[in-house]
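Naming: A, B, ... by sequence-line order, numbering from 1 per chain.
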Amino acid sequence: MTTVAADVTVRPPLGRTQAIGWFVVVVGLFTVFGMGVGTGSAPHSTLTFTPIDVSHGAPWHLGNLTLPTEWTLVLLGALIVALGAEVLVRRLVKGAMVRVGLMAIVFLVAVLVWASRQPGPSQVPFINVTAILVGSAAITMILIYGSLSGILCERAGVVNIAIEGQFLGGYLVGEMIDSATNNWLLATVGGLVIGALMGWLLAFLAIRYLSDQIIVGVVIVTMFTGLSSYFNSWVLTPYPNLNNGNIASNLAIPGLMKIPIIGPTFFDETGFFYLMMILVGLVSFALFKTRWGLRVRAVGEHPQAAASVGISVERTRYVNVILGGAVAGVGGVAFAAIQGQFTPSITSGFGYIALAAMIFGRWRPSGAVAACTLFGVSAYLAYNLQSYQVPISTEILLMFPYLITIAVSAGLVGRVRPPAADGIPYSRE
Amino acid sequence: MRLELRGITKKFGSLTANDRIDLVVEPGQIHCLLGENGAGKSTLMNVLFGLLQADEGEILIDGEPVRLANSGDAVRRGIGMVHQHFMLVPVFSVAENVVLGFEPTRSLDRLDYARAREDIRSVSREFGLEVDPDVTVESLPIGLQQRVEIIKALGHDAQLLILDEPTAVLTPQEADALMAIMRSLTATGKSILFISHKLKEVRHVSDVITVIRAGRVIGTVPPTASENELAAMMVGREVSLVVDKTAAAPREPVLEVRDLVVRDDRGLAVVDGVSLAVRAGEIVALAGVQGNGQTELVEAITGLRHVESGSVLLGGRDVTNRSPREILDAGLGHIPEDRQRDGAVLSMSVADNLVLNTPRRAPFARHGTRNLRAVRDNAETQVESFDVRTSSVDAPLSSLSGGNQQKVIVARELSRPLEALVASQPTRGLDVGSIEYVHREIVRVRDEGHAVLIVSSELDEVMALGDRVAVMFQGRITGVVDPSTSREDVGLLMTGSTPAESR
Ligand SMILES: Nc1ncnc2c1ncn2[C@@H]1O[C@H](COP(=O)(O)OP(=O)(O)OP(=O)(O)O)[C@@H](O)[C@H]1O
Ligand SMILES: [Mg+2]
């Protein structure tokens, strides 16, 4: 294999990028003229910052912020137009993706401002910024566990599409152990073990038998979905005591949690959230700063080259896929810890959104965190916008992460380059 | 280091790639392995480097039998290898590639980049191999990538260096530089196992030559043996090392480019106003130092790269910026420069690769359904007539030796109805017997009345094959000359100066 990058540019990618630029501009203009201008000067939108749950003590109080709806929307719209114009003028190819992400966030804010205007149809007369962030943080956390799992596997060249199944496994086992022992630490260990086992199964089939990794992954998810439903009706229904665990309680960090907005979002969370933050740092460090990470990435990019300097491709892949499974398993336990009772298919596709976020985040922990946050906030809003009487249905809003993912992975936005040997079975001879 | 191989045998299924091979490399020696495509040279080297396990035989280093379970073992024993297809991670930096597998670390398993850079610099200084440790490998030209491979091999204090066809992808200048490096390495007592199909350089640089055919050692000869003798030993018959062809009888232009401007990936105009007409019944050879726009010119002609301005005409039809599919269907044959990337699908069978650009045409498909019998029959015929060495036509292309992969592509392109043929480095990596065959086929295509454009960095090939020689320098054609022009004058044109008598 030659080492020259395989991206021959058949047509200049400029045309596509230009289309994206124009799209962003159009969204911006819509924000200005469709939502902004014409709402009139009367309506105002109010932002508040007091968290809903103040059982650990409220952060320092911030007053409400009342904004004129029309001008705020014009401003936000102009910001979006500027992002699009930047893509067009500077002919951004790589940076286009980040701009689209920013556009999505600003646009979401604009929708909120517009929806909460008073007088207006909304039943909720204000936007609780802190509540939105706190609510989104839970979803985001789950997604990040999934993305980290995906990164660990794919950086070594194995596609882990079974994250959804590992979530489900971790959820079921975690919930049962917590119900029985009331101990989230034990539950975490249980989830870690089941996730690792499922990772091992994927690795075994993909590495030993060189099976198509995507098919094996889908089979594992399907199998485990069936298995857990069966288990649910045969064990959990007759013994409901095994399925009534508590929601994990928050461990507020004194002092830090007093900071408005940031405190409740980041420092008044469950242990799973803190563990996730530690894992993000750890995975970033290990992948990009250590010898271990260099070897893993070599295996994912060019396994023959790795083998030619004595690195065991098989072993590296086994270790990483098992590690990835374990992380997703713990993610499943975290899911149970915020959601409670197990019901069949309770993970409702979060494993796949996590995988999408990993792609959007370009196979990097930091990028994945950004993408998961975007997806987490939009998923949370999708579930909660109804109360604002927004005339868009939840289902449509829930498609949002997937639309972005399709745009990204089809190469419509920027350029994503997966590890070169991602998903390709490796054999020695 | 003294290396001895005793009775090495390696089988792939029913195929015996290495058959009881004995070989001795003395310290400070440059030992050349010569053999046809598929003779088993790379296989033997992979066994020696621990990448493959021999079925029989033993390896002795300084008289002591060793077991090399993987290439880590080989490296620890002082063996370094530069592979025929480079083993570099394109997205890694030079430093990362060089230290991979033997990384210097600080606490917490952190990579010690400072030491890695320092190690590379000291190897660079010691052997005169300059390269920036911090650039990513994919941004380097192929000659420098190879330099990285050599540094990588030397970095682990190799006493025996395996060079598997290192010069195939190099320009003549780069090849000369490599020879000098090889000399300086053996001067310090290192041994080199060198594989090449270029008899001239083999005779020039080696101390001993071992010839292998069909997996067996045929004989060991000194470098004083003549090229004809060596060729005959390799192939087992007399080989003509010159191209026989009659004078061309050119007719109307078939392949024309007019005022072509093409930009590279960085947006520079690397083809800058090129006009060239290739007439039916003639071979135009495009000479030039690699990187002067030849690659991009060919990509533009074949539809692989966007044409900024100007036009490409094929048989009088304007095919500028058409898709490669349309251009191929209009009758352009294309043998690409990078066979593994643009010419073939390595994971597909030999038979499928032989119909890669005509899968929808009769007889290979009817009513949108593939006719597998026709595909197979075609493959059997082509494999036979081009002497492709493969265990079966159903074997994946990746299992063929480098030279045989190239033959598959040449066979495919030369065996379908053509208007014009564009061939980039058509004999890169081929053995002398195959070169003879491919050259003859190219002349045949010409004699059938087609237009042929050859791009080659081998001046010998350009002068031997071309009916006219066009020289390219910095994106422009600096002259079109007769092949009887002296090599010095062509050389001058290649550097942009104009010799007195060129027209
Ligand atoms: N992994 C493999 N599986 C099956 N057959 C193989 C494999 N690798 C090599 N071969 C076969 O072994 C024979 C020797 O191949 P090898 O690559 O050693 O040839 P070579 O002498 O290096 O040729 P070239 O000059 O073309 O590089 C060929 O016939 C090839 O098809
Ligand atoms: Mg070879």
side-chain contact (heavy atoms from CB on, under 4.5 Å), that's the test. Do A/Arg364 and A/Arg155 meet it? Break it down for me. CA-CA 9 Å; A/Arg364 287 173 169 275; A/Arg155 280 288 179 175; 3.9 Å; yes
Residues B/Glu103, A/Arg295; criterion salt bridge (charged side-chain N to carboxylate O under 4.0 Å, His left out); working and verdict: CA-CA 10 Å; B/Glu103 305 84 349; A/Arg295 293 183 172 191; 2.8 Å; yes
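Nearest heavy atoms, A/Asp422 versus A/Pro418: OD2-CB, 4.2 Å.
Aromatic ring pairs are classed by plane angle as parallel below 30°, tilted from 30° to 60° and perpendicular above 60°; the pair B/His156 and B/Phe102 is tilted.
Along residues 282-291 of chain A, the residues that come nearer than 4.5 angstrom to chain B, judged on non-hydrogen atoms, are A/Phe285, A/Lys289, A/Thr290, A/Arg291 in order of number. By a heavy-atom distance cut of under 4.5 Å, A/Ser308, A/Val309, A/Gly310, A/Ile311 are the residues of residues 308-320 of chain A near chain B, going up by number.
Taking the ring centroids of B/His83 and B/Phe49, they lie under the 6.0 Å cut-off.
At a threshold of 4.0 Å, the pair A/Glu301-A/Arg297 does not count as salt-bridged, since none of the basic side-chain nitrogens sits closer than that to a carboxylate oxygen. Comment: B/Arg117 engages B/Asp134 in a salt bridge, judged by a side-chain N to carboxylate O separation of less than 4.0 angstrom.
Within the 4.5 Å cutoff, the side chain of B/Arg106 has no heavy atoms near those of the B/Leu111 side chain. Side-chain contact between A/Ser149 and A/Leu152: absent, with no pair of heavy atoms (C-beta onward) separated by less than 4.5 Å.
Taken to the nearest 0.5 Å, the CG atom of B/Leu68 stands 5.5 Å off from the CD1 atom of B/Ile79.
The greatest number of non-hydrogen atom pairs below 4.5 Å with chain A, out of B/Val75, B/Asn46, B/Val91, B/Asp73, is found for B/Val91.
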